[in-house]
Amino acid sequence: MNKAEFCAHVDYSILWQNRTKDSIEKRSQEVLDYGLACLCCYPTDVAAAKKVIGDKASISGVVGFPFGFETIKTKVHEALAAIDEGADEIDMVMNIARFKDGDYDYVLDELKQVIQAAKNRKRDCKVKVIIETPHLKSREELAKACELVIDSGADYVKNATGFAAGYDGSGQADYQDSLAETYENTGIDNVRAMSEIVNGRIKIKASGAPENLEECLYYIEELGVSRIGNDNIIDWLFDAGDNFWKNK
């Protein structure tokens, strides 16, 4: 795999709260400079990104990001608003609270409504569903979440937002949930398990915390990952230089 082929698997993002117009434009330009697959941003920022990126790369509007607790109608509206502003893709957070309650009918209905609305508005829109694996504490839970996403008609199952926040069930306001830290349960073992579960039935986006370019390549070449979301990759590419790719 050469550098250009690798970059075509990378989703970049600008999802912090205090982003500026200049930072959106900068990240959009980096998508073009490095030949990345996509820029993920909030629906309100899609138009600004579109001015820079145009049709040279994809733009994904995030929906229900980062916690996924919005109503179905709100998520549908958010997806359509992003598409109307120029988004080609949607990265949607499923309702993890309803999933943890075992309300799988609600979760599936939500996913189907958003996906159908998005594809009715833009037929070739790619939809990625984020299942927030830091909250999935067994392989059975992971498998169930993946199956719901497959059944929904989504194009990708994605493991995490990077914003996972937990609750220990104690009712105390000062809890510390060590079981739901930001990037826990998103690494190689998690991605390998997802790959085994879906077995080629849906594409995978890995958005956890790979440690370096070698790990990213392993995801793609060995685990069948189609997209990687990680904002350190451009720094890694710069530091690695062109020599890194000579024997890849």
Side-chain angles (χ1 to χ4, degrees), residues 1-17 19-20 22-42 45-46 48-49 52-54 56-62 65-66 87-91 93 126 128-134 155-164 181-192 194-195 203-248:
M1 178 177 289
N2 61 39
K3 182 179 178 180
E5 291 169 336
F6 171 77
C7 288
H9 288 79
V10 176
D11 280 6
Y12 208 29
S13 68
I14 180 161
L15 296 169
W16 56 75
Q17 287 183 321
R19 64 204 180 280
T20 63
D22 287 345
S23 64
I24 296 165
E25 292 175 351
K26 179 178 182 293
R27 292 228 158 181
S28 298
Q29 187 59 51
E30 287 174 328
V31 168
L32 299 183
D33 292 345
Y34 283 86
L36 307 182
C38 183
L39 178 72
C40 297
C41 60
Y42 292 103
D45 299 332
V46 169
V52 177
I53 293 173
K56 297 176 183 177
S58 291
I59 299 171
S60 182
V62 295
F65 195 92
D88 312 283
E89 305 183 5
I90 296 295
D91 280 48
V93 184
K126 295 182 176 67
K128 308 164 204 160
V129 175
I130 305 168
I131 59 176
E132 205 67 297
T133 56
D155 300 283
Y156 290 78
V157 59
K158 174 180 171 183
N159 56 355
T161 63
F163 290 82
E181 294 297 339
T182 302
Y183 286 118
E184 189 173 331
N185 196 24
T186 60
I188 289 178
D189 291 342
N190 172 242
V191 177
R192 182 183 293 111
M194 290 175 66
S195 179
K203 294 179 180 179
I204 296 172
K205 176 175 174 180
S207 55
E211 295 182 359
N212 49 46
L213 290 178
E214 292 284 4
E215 189 171 325
C216 292
L217 286 168
Y218 179 82
Y219 283 178
I220 296 167
E221 296 176 337
E222 302 298 327
L223 301 181
V225 168
S226 298
R227 294 279 186 93
I228 295 177
N230 186 285
D231 290 343
N232 295 315
I233 287 178
I234 284 183
D235 290 337
W236 295 342
L237 289 169
F238 180 82
D239 291 342
D242 292 335
N243 288 335
F244 175 86
W245 301 97
K246 288 186 177 179
N247 299 315
K248 301 301 177 185

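The structure displayed is predicted, hence computed values, not measured ones.
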Neighbour count >12 (heavy atoms, 6.0 Å) for atom [atom1], [X]:
X: D242; atom1: CG; value: no
X: E221; atom1: CD; value: yes
X: K3; atom1: NZ; value: yes

Might you point out which heavy atoms bring [X] and [Y] nearest each other, and give the distance in Å?
X: A49; Y: I59; answer: C-CD1, 3.8 Å
X: S195; Y: L223; answer: OG-O, 2.9 Å
X: P134; Y: N185; answer: CA-CB, 4.1 Å
X: Y42; Y: L15; answer: OH-O, 2.9 Å
X: V62; Y: C40; answer: CG1-CB, 4.5 Å
X: A87; Y: V46; answer: N-CG1, 3.5 Å

Applied to residues 213-236, the ring-ring contact (aromatic ring centres under 6.0 Å, His included) test, sequence neighbours excluded, yields none

Electrostatic pair R227-E89, nearest N-O below 4.0 angstrom: yes

With heavy-atom distances below 4.5 Å as the criterion, would you say the side chains of V93 and F163 are in contact? no

Report yes if some heavy atom in the side chain of V191 is under 4.5 Å from a heavy atom in the side chain of P210; otherwise report no. no

Say you draw a straight line from [atom1] of [X] to [atom2] of [Y]; how long is it, rounded to the nearest 0.5 Å?
X: Y12; Y: I234; atom1: OH; atom2: CD1; answer: 3.5 Å
X: N230; Y: E211; atom1: CG; atom2: CD; answer: 11.0 Å
X: D91; Y: S13; atom1: CG; atom2: OG; answer: 9.5 Å
X: N232; Y: D239; atom1: CG; atom2: CG; answer: 10.5 Å
X: N212; Y: E215; atom1: CG; atom2: CD; answer: 6.0 Å
X: I53; Y: L39; atom1: CD1; atom2: CG; answer: 4.5 Å

When you measure from the side chain of R19 to the backbone N and O of Q17, does any donor-acceptor pair fall under 3.5 Å? yes

Would you check if the side chain of S207 reaches a backbone N or O of T161 as a donor-acceptor pair within less than 3.5 Å? no

I'd like to check the side-chain contact (heavy atoms from CB on, under 4.5 Å) partners of A48; sequence neighbours left out, ordered by chain and number. I24

Working note: D11 + L36, criterion side-chain contact (heavy atoms from CB on, under 4.5 Å); need CA distance, chi angles, decisive distance, verdict. CA-CA 7 Å; D11 280 6; L36 307 182; over 6 Å; no

According to the interplanar angle, ranging from 0 to 90°, do the rings of F6 and W245 count as parallel (below 30°), tilted (30 to 60°) or perpendicular (above 60°)? tilted

Are R27 and D231 close enough, and set up right, to give a side-chain contact (heavy atoms from CB on, under 4.5 Å), and what steps lead you there? CA-CA 10 Å; R27 292 228 158 181; D231 290 343; 3.1 Å; yes

Side chains of T186 and N159 only: does a donor on one sit below 3.5 Å from an acceptor on the other? no

Out of the candidates V129, I131, I130, only one should pair with K158 under the side chain to side chain contact (heavy atoms under 4.5 Å, CB included) rule; please name it. I130

